[in-house]
Each structure stands twice: as C-alpha cells, then as structure tokens.
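Worth knowing before you read on, the calculation uses all heavy atoms, side chains too, and leaves out hydrogens, waters and symmetry mates. Here the structure is a predicted model, which means the values were calculated and not measured.
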Amino acid sequence: MDMFEGVGRRLDQRTGSFLNLGQHSLNGRERNCLFRNDGDGTFTEVGWVNDADRVEDGRGLAIFDYDRDGRLDLVLRNYRQPAELLRNQGPARHWIEVKLVGTRSNRDAVGARLRLRTAAGWQTREVHAGSAYLSGQSLVQHFGLGDATRVEALEVGWPSGERTALADLDADRRYLIVEGGSGAATLR
C-alpha cells in the first residue's frame with residue numbers, strides 16, 4: 001500500500017464516502033496577501049504591485065535577507081510546487097541586523113527580547129524558533145530604520161535575565177552580540 005494513499009481526498013460528510021480532490025486546493029486557492037507597514041499603526045495591502053498576490057495553495061513562508069542587501073526577501077512554498085524566491089527590489093532604506101549568541105542562555109538566544117531606538121521611536125523583536133507553519137524563520141533579527149543612519153540605543157533582554165545595552169550603532173550593518181560580552185562585533 002502506498003504510504004500517501006488517500007492524500008488529496010476528503011470525507012464527504014453527507015454520504016460518508018471520500019471525494020477525490022485530485023489536483024485541487026485543500027484551502028480554496030486563495031490569493032496571497034502582502035502588507036506594507038505604514039509606520040502609523042496601519043498596513044496597506046501591496047501584493048498586487050510585484051506579482052505577490054497570485055492565486056496559489058500556500059503552505060510555508062520564510063522571510064530573510066537572501067542577497068544581503070538590507071531588504072527582506074520572501075521564500076514561498078506552495079502545495080505540490082517548488083519553492084519560489086521573491087526578491088525585494090523596493091527602494092533601499094537603512095537597516096541593521098542583529099545575531100545573538102547565548103552563553104548562559106540557550107546558544108540561539110531563543111526567547112531574547114531586543115528593543116531598538118532611533119529618532120523615530122522604539123522597535124521590538126523577539127527571537128523565536130519553530131514559530132512558522134511548514135517553514136523556518138531566521139534567528140537574525142532585522143530592524144528597518146527608514147531614514148535613520150544611526151541607532152541611538154539597543155537593549156537586549158536575555159532569557160537568563162542578563163541585560164546588554166549598547167548605544168550609537170551605525171546603520172546598514174550586521175552585528176554579533178554575545179551574552180556577557182562588552183559590545184557588538186560588526187559582521188559586515
């Protein structure tokens with residue numbers, strides 16, 4: 001017996017028999033959505049701009065900087081289709097990325113909370129693992145800075161309870177911060 005026998009079939013509740021769905025979607029082949037953060041607590045749907053709003057049977061999404069240009073790219077995984085890379089070709093803005101390494105905390109710093117301040121205000125990120133459906137997310141924390149060329153403050157709350165505070169970081173860089181260390185090393 002084939003291990004995947006019955007995949008693509010659904011029980012018809014009226015008759016108690018299986019319906020053959022064939023190549024049809026399991027979720028209605030909905031249009032993909034992509035939202036832009038407007039920076040004022042609202043979001044605008046912009047998927048139609050760069051052909052991200054296609055009708056597919058989405059299963060997974062990973063967000064990371066594929067080409068290391070400071071703009072987040074997307075990898076889409078659809079049912080019975082190869083993965084697709086959508087490169088972000090929008091206007092370049094300022095950014096920083098932070099990779100944490102735990103020593104007293106877990107090595108990947110899962111559970112750490114980062115707070116970053118620029119003249120525009122505060123941003124917060126938490127390091128997560130296993131938080132995506134059928135895909136993984138980068139452990140590197142990305143902060144979009146807009147027009148800011150410096151980070152006024154970066155605070156890290158480690159899972160161990162330790163705190164790291166840094167100030168006056170240059171934009172458009174990747175930083176490595178080790179728990180218990182005295183600063184941040186530039187990765188680029």
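Looking at Asp73 and Arg71, no side-chain N of the basic residue comes within less than 4.0 Å of a carboxylate O on the acidic one, giving no salt bridge.
Residues Val46 and Leu86 fall within the same hydrophobic cluster, defined by Ile, Leu, Val, Met, Phe, Trp and Tyr side chains chained together at heavy-atom separations under 4.5 Å. The hydrophobic clustering, which links ILVMFWY residues whose side-chain heavy atoms are closer than 4.5 Å, places Leu166 and Leu116 together. Following chains of ILVMFWY side-chain contacts shorter than 4.5 Å, one can reach Tyr175 starting from Leu139, so the two form part of one hydrophobic cluster. Val178 and Val98 fall into different hydrophobic clusters, where Ile, Leu, Val, Met, Phe, Trp and Tyr are joined by side-chain heavy atoms under 4.5 Å apart, directly or via other members. Note: the hydrophobic cluster containing Phe35 does not contain Phe143 (ILVMFWY, side chain heavy atoms under 4.5 Å, direct or indirect links).
Distance check, rounded to the nearest 0.5 Å: CH2 of Trp158 to CD1 of Ile177 gives 6.5 Å. Between the CG atom of Asp172 and the CD atom of Glu97 there is a distance of 10.5 Å, given to the nearest 0.5 Å.
Heavy atoms from other residues, nucleotides or ligands lying under 6.0 Å from OH of Tyr66 number 12 at most.
Nearest heavy-atom pair across Val75 and Ala83 is CG1-CB, 4.1 Å. Of all non-hydrogen atoms in Leu34 and Glu45, the two that sit nearest each other are N-OE2, 2.9 Å. Nearest approach of Ile96 to Ala171, heavy atoms of both residues: CG2-CA, 3.7 Å.
In this structure, Val140 stands alone, with no Ile, Leu, Val, Met, Phe, Trp or Tyr side-chain heavy atom under 4.5 Å from its own, directly or through other members.
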For this session: Could you go through the side chain to side chain contact (heavy atoms under 4.5 Å, CB included) check for Leu145 and Gln123 one step at a time?
Result: CA-CA 9 Å; Leu145 304 180; Gln123 294 183 52; 4.3 Å; yes

Exercise. Can you list the steps and then say if Arg174 with Trp95 is a side chain to side chain contact (heavy atoms under 4.5 Å, CB included)?
Worked result: CA-CA 9 Å; Arg174 289 174 179 81; Trp95 54 275; 3.3 Å; yes

For this session: Would you sort out whether Glu126 and Leu114 count as a side chain to side chain contact (heavy atoms under 4.5 Å, CB included), showing the intermediate values?
Result: CA-CA 6 Å; Glu126 283 191 13; Leu114 297 88; over 6 Å; no

Problem set entry | Working for side-chain hydrogen bond (donor to acceptor under 3.5 Å, both in side chains), residues Glu152 and Thr118 | CA-CA 5 Å; Glu152 295 173 4; Thr118 65; over 6 Å; no

For this session: Begin from the C-alpha positions of Glu179 and Thr164 and carry the test side-chain hydrogen bond (donor to acceptor under 3.5 Å, both in side chains) through to its verdict.
Result: CA-CA 8 Å; Glu179 184 178 19; Thr164 300; over 6 Å; no

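Between Arg93 and Asp147 there is a side-chain heavy-atom pair separated by less than 4.5 Å.
Within the cation-pi definition used here (under 6.0 Å to the ring centroid, within 45° of the axis), Arg36 does not qualify as a partner of Phe43.
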